[in-house]
*Asks:* 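Quick one: the structure is below, and I'll ask about it shortly.
Sequence lines set the chain letters: A, B, ... in the order given, protein chains first and strands last, and positions in each chain run from 1. All heavy atoms count here, side chains included; hydrogens, waters and symmetry mates do not.
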Amino acid sequence: MKPDSKEKRLLAELLADEDLRESTLRGGLNAIRRKKIQRQSIRIGAVLSAMVLFILVSRNTERPSTSAKQQHAALQSPVPEVVPGTTVRVLKDQDLLDLFPDRAVALVGPPGKQKLILFEAVNN
Amino acid sequence: MDKSAANADRDGICDLTRRLAAGDEEAFRIFHAAYFDRLLRYVFVIARGDEEAAREAVQETMTRVVRYARPFDSAEAFWSWLTVLARSAVVDRGRRSQRYWRLIRNYALWWKPHQNEGRDDRETEDYLQQLLLDGLSTLEPVDRGLVQKKYLEGLAIREIALEVNLTERAVESRLLRARRQLREMLLKRLNDETRF
């Protein structure tokens, strides 16, 4: 860096005051410290965001697998429903219909009051 | 400047600006020591001798240097960038309440070719030096002699006092008065100026 000429040094002497020199130096150093704090905050924020995101993603991927496992377990060991106090098994609609594999059948009526209708072929 | 000196200068500015961009406090101290006076001279001219505006603009420029610092390959490019910051600080100060105009001005500054700033800088330096010489010529001959001996010839107060047959205290007092006169003359001439 080229040294200032004598005229420039005189101009600096005329124009500058030590308060301004000191305050601009202090102001700049404070700005650097603020910038550092900002950068650190951003870094910490980014790390925290990444952690939160990771937790959310891992939770979401765990949920479906758990319910799938439960469904699978339910299919593997079905517990038949029975009439309380008896060994009479309560059939579901599909179980009932499955009892007549070779016939035309239908369940008619509102839920709980359905009637099983068996159709027979009529030969003319 | 020979080639090795130019390389050293370039390496120096590369290193300094890189460290400034990285938020190195020591680099800022070096930058401040090297550029404060030059920036102040420049801003005084741009602010047309408005002392308050110049002070605020220098302060703001220093803050912007910290905020927007980036590496530069040459001292010229770095100084050119500094003048853009300084100019925008002066303009912002004048138009603080007019956001619309600031936006337009920022846009214009963004497009403005940087090489013009170097020419402006040389003009401002030459102009200030001319004003200084003019101001010296308006001082009383004794005071002018004292200022020249102290600042242009680099003599110590004691040497000057012996040479002009005055006490050291009297020399200091006359120098203080001469500096004030010169300063007032400079600010007034800058204020009257419409070139910048």
*Asks:* Classify the ring geometry of F28(B) against F31(B): parallel below 30°, tilted from 30° to 60°, perpendicular beyond 60°.
*Replies:*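 Rings of F28(B) and F31(B): tilted, as their planes differ by 30° to 60°.
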*Asks:* Measure distances from A22(B) to the heavy atoms of chain A and classify the residue's part below 4.5 Å as side chain, backbone, both or neither.
*Replies:*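 The answer is the backbone of A22(B).
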*Asks:* Using heavy-atom distances under 4.5 Å, tell me whether R29(B) contacts chain A through its side chain, its backbone, both, or neither.
*Replies:*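 The answer is both parts of R29(B).
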*Asks:* Parallel, tilted or perpendicular: which fits the ring planes of Y35(B) and W79(B), with parallel below 30° and perpendicular above 60°?
*Replies:*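 Judged by the thresholds at 30° and 60°, the geometry between Y35(B) and W79(B) is parallel.
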*Asks:* At what distance, to the nearest 0.5 angstrom, does CG of D19(A) lie from CZ of R26(A)?
*Replies:*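 Output value for this atom pair is 8.5 Å.
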*Asks:* Check step by step if salt bridge (Lys or Arg N to Asp or Glu O under 4.0 Å) holds for R18(B) and D15(B).
*Replies:* CA-CA 5 Å; R18(B) 188 181 48 74; D15(B) 182 55; 2.6 Å; yes
*Asks:* Please flag which part of V65(B) lies under 4.5 Å from any non-hydrogen atom of chain A: side chain, backbone, both or neither.
*Replies:*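 V65(B) has no heavy atom closer than 4.5 Å to chain A.
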*Asks:* Looking only at atom types and distance, does a side-chain atom of R144(B) sit under 3.5 Å from a main-chain N or O of S137(B), one as donor and one as acceptor?
*Replies:*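 Side chain of R144(B) to backbone of S137(B), a donor-acceptor pair under 3.5 Å: yes, one is there.
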*Asks:* Which answer fits L128(B), side chain, backbone, both or neither, if we ask what part of it has an atom under 4.5 Å from a heavy atom of chain A?
*Replies:* both
*Asks:* Where does L133(B) contact chain A at under 4.5 Å (heavy atoms): side chain, backbone, both or neither?
*Replies:*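 L133(B) has no heavy atom closer than 4.5 Å to chain A.
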*Asks:* Only pairs of heavy atoms separated by less than 4.5 Å count here; which of R55(B), K150(B), M62(B), E51(B) has the most with chain A?
*Replies:*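 Among R55(B), K150(B), M62(B), E51(B), the one with the most close pairs to chain A is R55(B).
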